[in-house]
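Values reported hereafter were calculated over all heavy atoms of this structure, with side chains retained and with hydrogens, waters and symmetry mates removed. Labels below follow one simple rule: chain letters A, B, ... track the order of the sequence lines, proteins then strands, and each chain is numbered from 1. Just so we're clear, the structure is a prediction, and the values are computed from it rather than from any experiment.
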Amino acid sequence: MNTNDSKTPTDFVRSIVADDLKTNKYDGRVHTRFPPEPNGYLHIGHAKSICLNFGIAAENDGGKCNLRFDDTNPCKEEQEYVDSIQEDVRWLGWSWEDRLYFASDYFEQMYEYAVALITKGKAYVCDLTSEEMSEHRGSLKNGGKASPHRERSVEENLDLFRRMRAGEFPDGSRVLRAKIDMESPNLNMRDPIMYRILHAEHHRTGDDWCIYPMYDWAHGLEDSVEKITHSICTLEFENHRPLYDWFLDELGAYHPRQIEFARLNLTYTIMSKRKLLELVAGDYVGGWSDPRMPTISGLRRRGYSPEAIRNFCKLIGVNKFNSTVDIALLEHCLREDLNKNSPRAMAVLNPLKVVIDNYPEDQVDELEAVNNPEDPAAGTRKVPFSKVLYIEREDFMEDPPKKFFRLAPGREVRLRYAYYVTCTDVVKDENGEVVELHCTYDPATRGGDSPDGRKVKATLHWVSADHCLDAEVRLYNNLFTKENPDDVADEGADFKSNLNPDSLEVLAGCKVEPSLATAEAGGRFQFERQGYFCVDSEDSTPDALVFNRTVALRDTWAKIQKQQQAQKSQKK
RNA sequence: AGGGGAUUAGUGUAACGGUAGCACGAAUGGUUCUGGUCCAUUUAGUCGGGGUUCGAAUCCCUGAUCCCCUGCCA
């Protein structure tokens, strides 16, 4: 079945949207938003949210989705993140058209709304220190107690708040709080802070402001100003919804509906921006776009296609309970897309020299190879064949076990698109290491088929020694050794103790077919019988090719080998 | 005696009182000039206990388990 064509999944969020459309709750409008804080790079978990928000907008007539930066905390946010986020959303294939917004653009409006709330007697300036406020807040089981400043007059509050904005008070000396209910079992309703004083430079507003709005106060207003219909966020904000509703109701402002869904978890992966930042800052990886990172930029550099990621997001569904998706599902979506769309090439990662003894010394055959068996339109190309070749070292065994179908002394195999060859001799060095093979070829099998109908059990990839290009190949494995990287053995250890020391393996001296000379940065290929690879977009040059392994092909031989080894060790 | 949310094969999800289905994974076989792809088959589930009903994953009661909430983060 072609999962790309599978119809749009129905989930509880889409059901709510459909119901609201039916009852004409928002005049038939559907307007969502993706509201990242620009304090890190986007990752595959964000892709789930992006596909949900932009997806819902795209599926409904006239539906819109805004890209909005929730830049209300100047201490953590940077322009670099603003830029990368836009690049990533675009690369994933979505468009916010002309609706690029910043929460910081609404600061003035938010200020006026705050004045309105103060005037209504529903907000007050509080001078408690953060420690005192924490004490006053009470605990999960016990109610809080009122701040001594709770009953300040409207006039005094207005004056104090104006002076907060004017910069008359130092950081942390005062806050503006909503006057709600210090007894509420929901801690978020115990007179939450709306504004704090922060004499910090904001990446967009500079030093225009020294008071900054808190999330709960700001976010609903942002949604309201943009006339969002469905404000989709993650589960941990469920407890904040009463506050979201309270602010908008007290203000009598346009009121979107907040809906919470479960964030994505993936096996062998961390999704916390804080932890990802820790890996980058601590040089555990080569940056946000390291191909081992679950960031969109990392996946892109690794060779993922946007289609694969979008299809993955479609398959995982949307729900209200936490779950952890098997990374194998992501890789399945990847292979499915790459299999259909990547041109094939031959590349020998771990070369073993082969001399075809009965092949003429200076002859070169130009053999025709299929570019993509899944796509006839991709056409064919010529691959040069000559007397000295390289094959994959692991495609030869001197003493092959059962079920090993590849080359061995005296055995005949096919060289893909070329000839049948038979191994006649094995050359070893002083350590007994195989360094060269001698074979004979059957000229009648040119192109790869035997006119007498003779069968071989294996087809090997190869390159011509005189024509091939050298390349570096980077093999990637899971960044963590544990399904759940936070599952740490020792007290005091953290997720970094589960980092996989073999997450990157660099292979030098790989031999690739000459057609790859013109491969463009980021270009994706299937190296036949091995996996999907792409030209590294940062380090590859025409003189020094670098390929990243995006994902290996499924490998049943590896499974058989594992079984055989398991059986062997059982017998012992 | 805090509040909120949730629980369907190994994993992720569907079924909205009417045959528990799909995908991934795993296993087996077939096809194949990639041990890939493709095809076929198999595997395996409603958190427990009560009820309501002709009929319950779905409604009610009850218990268990998991997640979130005491930042001047979002």
Side-chain angles (χ1 to χ4, degrees), chain A residues 1 3 6 9-11 15 35-37 39 70 72-73 75-77 126 128-130 133-135 137-144 171-177 184-190 192-198 211-212 214-216 218-219 233-242 260 262 267 273-274 315-333 335-336 339-340 344 346 369-370 373-374 403-406 414-418 420 445 447-449 455-461 526-531 552-560:
Chain A
M1 194 184 83
T3 45
S6 62
T10 143
D11 54 65
S15 301
E37 182 190 10
N39 67 344
D70 206 0
T72 56
N73 185 351
C75 307
K76 291 185 178 180
E77 298 155 5
C126 180
L128 255 27
T129 65
S130 64
M133 207 173 295
S134 176
E135 280 167 36
R137 190 158 29 232
S139 69
L140 292 178
K141 301 208 170 173
N142 301 306
D171 287 3
S173 60
R174 289 191 158 92
V175 294
L176 182 72
R177 302 176 73 177
S184 173
N186 182 343
L187 289 285
N188 297 126
M189 301 298 273
R190 318 244 259 231
I193 296 174
M194 295 163 59
Y195 278 95
R196 74 281 211 186
I197 301 174
L198 240 36
I211 56 171
Y212 289 92
M214 297 287 289
Y215 171 87
D216 286 310
H219 203 87
C233 62
T234 44
L235 245 34
E236 68 269 27
F237 292 105
E238 212 151 18
N239 294 326
H240 296 244
R241 178 155 27 96
E260 310 85 12
T267 56
K273 270 205 237 179
R274 199 207 89 224
L315 290 185
I316 56 177
V318 180
N319 247 319
K320 287 202 66 128
F321 44 91
N322 298 306
S323 59
T324 303
V325 176
D326 194 333
I327 188 99
L329 183 61
L330 214 209
E331 294 182 343
H332 161 78
C333 294
R335 291 192 185 100
E336 187 183 46
N339 176 50
K340 274 186 301 216
R344 314 285 126 127
M346 291 199 281
V370 173
E374 306 294 321
K403 291 188 181 171
F404 181 87
F405 304 144
R406 281 109 97 143
R414 172 169 39 229
L415 294 182
R416 182 140 213 203
Y417 301 124
Y420 283 16
T445 58
D449 277 308
K455 298 284 180 206
V456 288
K457 293 199 86 171
T459 300
L460 270 40
H461 62 277
Q526 183 198 99
F527 288 174
E528 297 227 20
R529 304 209 303 132
Q530 316 230 57
L553 248 27
R554 290 185 64 201
D555 188 350
T556 40
W557 167 238
K559 277 182 198 167
I560 293 168

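Nucleotide B:A6 forms a Watson-Crick or G-U wobble pair with B:U65, both donor-acceptor distances falling under 3.5 Å. Base pairing analysis places B:U32 opposite nothing; no Watson-Crick or G-U wobble pair with both distances below 3.5 Å involves it. Using the Watson-Crick or G-U wobble rule with both distances under 3.5 Å, B:A26 pairs with B:U42. As the counterpart of B:C59, B:G51 is assigned, both hydrogen-bonding distances of the Watson-Crick or G-U wobble pattern falling under 3.5 Å. Here B:G17 sits opposite no nucleotide as a Watson-Crick or G-U wobble pair (both hydrogen-bonding atom distances under 3.5 Å).
The A:Lys141 side chain lies nearest to B:G2 when the options are B:G2, B:G4, B:A23. Minimum atom distance to the side chain of A:Gln526 is reached by B:U34, of the listed B:A15, B:U34, B:A6. In this structure, of B:U34, B:A26, B:G35, it is B:G35 that holds the atom nearest to the side chain of A:Phe405.
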Derivation of the side chain to side chain contact (heavy atoms under 4.5 Å, CB included) call for A:Leu553 and A:Glu528: CA-CA 9 Å; A:Leu553 248 27; A:Glu528 297 227 20; over 6 Å; no
Side chain to side chain contact (heavy atoms under 4.5 Å, CB included) evaluation trace for A:Phe237 with A:His219: CA-CA 11 Å; A:Phe237 292 105; A:His219 203 87; over 6 Å; no
Steps toward side chain to side chain contact (heavy atoms under 4.5 Å, CB included) verdict (A:Met133, A:Val175): CA-CA 10 Å; A:Met133 207 173 295; A:Val175 294; 3.7 Å; yes
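Nucleic acid contact for A:Lys403: base, since at least one base atom lies under 4.0 Å from a heavy atom of the residue. Residue-level contact check: A:Phe527 touches neither bases nor backbone, having no heavy atom under 4.0 Å from any strand. At a threshold of 4.0 angstrom between heavy atoms, the contacts of A:Leu415 with the nucleic acid are absent. Within the nucleic acid shown, A:Glu374 comes within 4.0 Å of at least one base atom, counting heavy atoms only. Within 4.0 Å of A:Asn319, counting heavy atoms only, lie sugar-phosphate atoms of the nucleic acid but no base atom. Using a 4.0 Å heavy-atom criterion, one finds that A:Tyr417 contacts the bases of the nucleic acid, with or without backbone contacts as well.
For A:Arg406 against B:G35, a side-chain N or O and a base N or O form a donor-acceptor pair under 3.5 Å.
With respect to A:Arg241 and A:Glu260, a salt bridge is recorded, a charged nitrogen being found less than 4.0 Å from a carboxylate O. Using a cutoff of 4.0 Å between basic side-chain nitrogens and carboxylate oxygens, A:Glu238 and A:Lys320 are scored as salt-bridged.
For the pair A:Leu329 CG and B:G25 C1', the interatomic distance rounds to 10 Å; values are reported in whole Å.
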Per-nucleotide protein contact string for nucleotides 68-74 of chain B (B base, S sugar-phosphate only, - none; heavy atom under 4.0 Å): BBBSBBB
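Its glycosidic angle being within 90° of 0, B:G71 falls on the syn side.
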